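Remarks on the structure that follows.
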Amino acid sequence: MPKKAEEKIPEIKTAKQLLEEEQKIKRLKTDTPIDELIGGGIREDEVIEIYGEYGVGKTQIVFTLAAKVASEPDGHVYFIDCENTFRPERIKQIAQNKGYNPTEVLTRIHVAQPKDTKEQIGALAAIPKEPKPKLLIVDGVTTLFRAEYIGREQLSPKQQALLRFLRRIKEYARETKTPAIITNQIYANPDGTPFIPLEYRELAVGGHTLYHAINNRIFIRKAKGTTRIARLVDSSEYPQQERPFKITEKGIEPAEGGETHE
Ligand code: GTP
Ligand code: MG
């Protein structure tokens with residue numbers, strides 16, 4: 001039967017095939033409390049979002065993960081720094097304190113620092129095939145979009161553009177089996193209602209579902225003293241759990257206590 005132009009025939013697989021494919025999926029261990037929230041490591045085909053307020057430790061988390069992955073011989077990391085807050089000295093410090101070879105770690109982290117959303121989108125196209133990264137990081141995924149699309153009338157084009165970017169990351173992760181971590185700054189709600197990233201809240205109002213663009217989302221908040229809490233939110237795969245951590249000379253490390261509950 002001839003196909004209409006807007007139709008595409010999807011591939012049909014048996015449930016057995018799907019199960020076998022599922023069992024082949026590898027996980028990237030980060031040796032941080034993040035692993036425990038998401039089944040022991042990041043699935044090689046998935047995108048994780050880490051979100052939280054200013055200064056809560058999102059960049060420190062991705063620095064720690066980047067250093068760990070880059071400590072392995074083929075552990076290339078592609079880091080898209082949308083906020084211009086990449087600090088090679090801090091990566092070096094984390095590597096040294098963890099007993100990794102700092103020069104090797106620094107050499108395996110490839111950093112793009114886009115100046116605008118066009119460069120941010122272009123940074124995805126510039127990911128090298130060789131050496132293929134083991135991990136893709138986008139730090140501050142919404143920052144440049146927020147700076148460029150200002151005002152209510154720009155809300156919808158901003159969401160569309162952001163959604164396209166997120167879809168491309170998801171596609172990249174799935175097709176190349178490269179896990180991705182994106183970070184997203186959110187603002188506190190003065191009225192004490194739950195934290196929802198601005199983009200999602202605006203979209204919820206618009207009746208769209210960017211909320212479901214990313215499956216596994218980890219919310220970071222401050223707890224007592226210097227302790228931070230990482231909480232897995234709305235996952236379809238894993239139980240909702242929390243893990244306390246602290247930011248030290250080794251990057252992020254598990255912490256005692258906090259207000260952990262499962
Ligand atoms: P935004 O990008 O502004 O949204 O914040 P963020 O969530 O990325 O915060 P970031 O990861 O930059 O965390 C900032 C916090 O990390 C600071 O308040 C410090 O407590 C801690 N921090 C930053 N650098 C170091 C460092 O070199 N050593 C230690 N021990 N802590 C650090
Ligand atoms: Mg940051």
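Both backbone and side-chain heavy atoms feed into the values below; hydrogens, waters and symmetry mates do not. All figures in this text were calculated on a predicted structure; none of them were measured in a lab.
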Listed partners of [X] passing side-chain hydrogen bond (donor to acceptor under 3.5 Å, both in side chains), at least two apart:
X    : answer
K13  : E21
N216 : E46, S235, E237
T176 : T178
N97  : none

Is there a donor-acceptor pair under 3.5 Å between the side chain of [X] and the backbone N or O of [Y]?
X    : Y    : answer
Y78  : A123 : yes
K246 : I252 : no
K58  : G140 : no

Are any non-hydrogen side-chain atoms of [X] and [Y] less than 4.5 angstrom apart?
X    : Y    : value
N101 : S71  : no
I220 : I229 : no
P157 : F145 : no
E242 : R221 : yes
V141 : F165 : yes
L136 : I127 : yes
R231 : Q241 : no
F245 : I61  : yes

Inset, instruction - Enumerate the residue pairs fulfilling ring pair (Phe, Tyr, Trp, His ring centres under 6.0 Å) with a member in residues 88-112, sequence neighbours excluded, ordered by first and then second residue. - result: H76-H110

For the hydrophobic clusters of this structure (ILVMFWY residues joined by side-chain heavy atoms under 4.5 Å, transitively), does one cluster hold both [X] and [Y]?
X    : Y    : value
V138 : V47  : yes
I218 : Y51  : no
I80  : V111 : no
V62  : L106 : yes
I137 : Y172 : no

Per the salt bridge (Lys or Arg N to Asp or Glu O under 4.0 Å) rule, what does the pair list look like for [range], sequence neighbours excluded?
range           : answer
residues 26-35  : D31-K68
residues 73-84  : D74-K134
residues 95-119 : E104-R108, K115-E119

Inset, instruction - Going by the side-chain hydrogen bond (donor to acceptor under 3.5 Å, both in side chains) test, name the single residue among D139, T143, T142 that passes it with T183. - result: D139

Inset, instruction - Could you check Q17, Q23, K16 and say which one makes a side-chain hydrogen bond (donor to acceptor under 3.5 Å, both in side chains) with E20? - result: K16

Once side chain to side chain contact (heavy atoms under 4.5 Å, CB included) is applied, do any residues pair with [X], and if so which ones, sequence neighbours excluded?
X    : value
D45  : I25, R43
R167 : L163
P254 : P33

Inset, instruction - Decide whether Q60 and R90 meet the rule of one side-chain donor and one side-chain acceptor closer than 3.5 Å. - result: yes

Would you compute the distance between atom [atom1] of [X] and atom [atom2] of [Y] and round it to the nearest 0.5 angstrom?
X    : Y    : atom1 : atom2 : value
F219 : L232 : CZ    : CG    : 13.0 Å
K132 : K177 : NZ    : NZ    : 9.5 Å
I182 : E49  : CD1   : CD    : 4.5 Å
I91  : T64  : CD1   : OG1   : 8.0 Å
T59  : Q185 : OG1   : CD    : 9.0 Å
L65  : I181 : CG    : CD1   : 4.5 Å

Inset, instruction - Please assess I247 against R228 for the test side-chain contact (heavy atoms from CB on, under 4.5 Å), listing each intermediate value before the final yes or no. - result: CA-CA 8 Å; I247 303 169; R228 263 81 166 159; 3.8 Å; yes

Taking all heavy atoms of [X] and all of [Y], pick out the closest pair and write down the distance.
X    : Y    : answer
A70  : I109 : CB-CG1, 3.7 Å
V77  : A66  : CG2-O, 3.7 Å
C82  : L144 : O-CG, 3.8 Å
P128 : P133 : O-CD, 3.6 Å
I38  : I34  : CG1-O, 3.3 Å

Legend entry - F86 and F63 aromatic ring geometry - parallel, tilted or perpendicular at 30°/60° bounds: perpendicular

Inset, instruction - List in chain and number order the residues that pass ring-ring contact (aromatic ring centres under 6.0 Å, His included) with Y149, two or more places apart in sequence or in another chain; answer none if no residue qualifies. - result: none

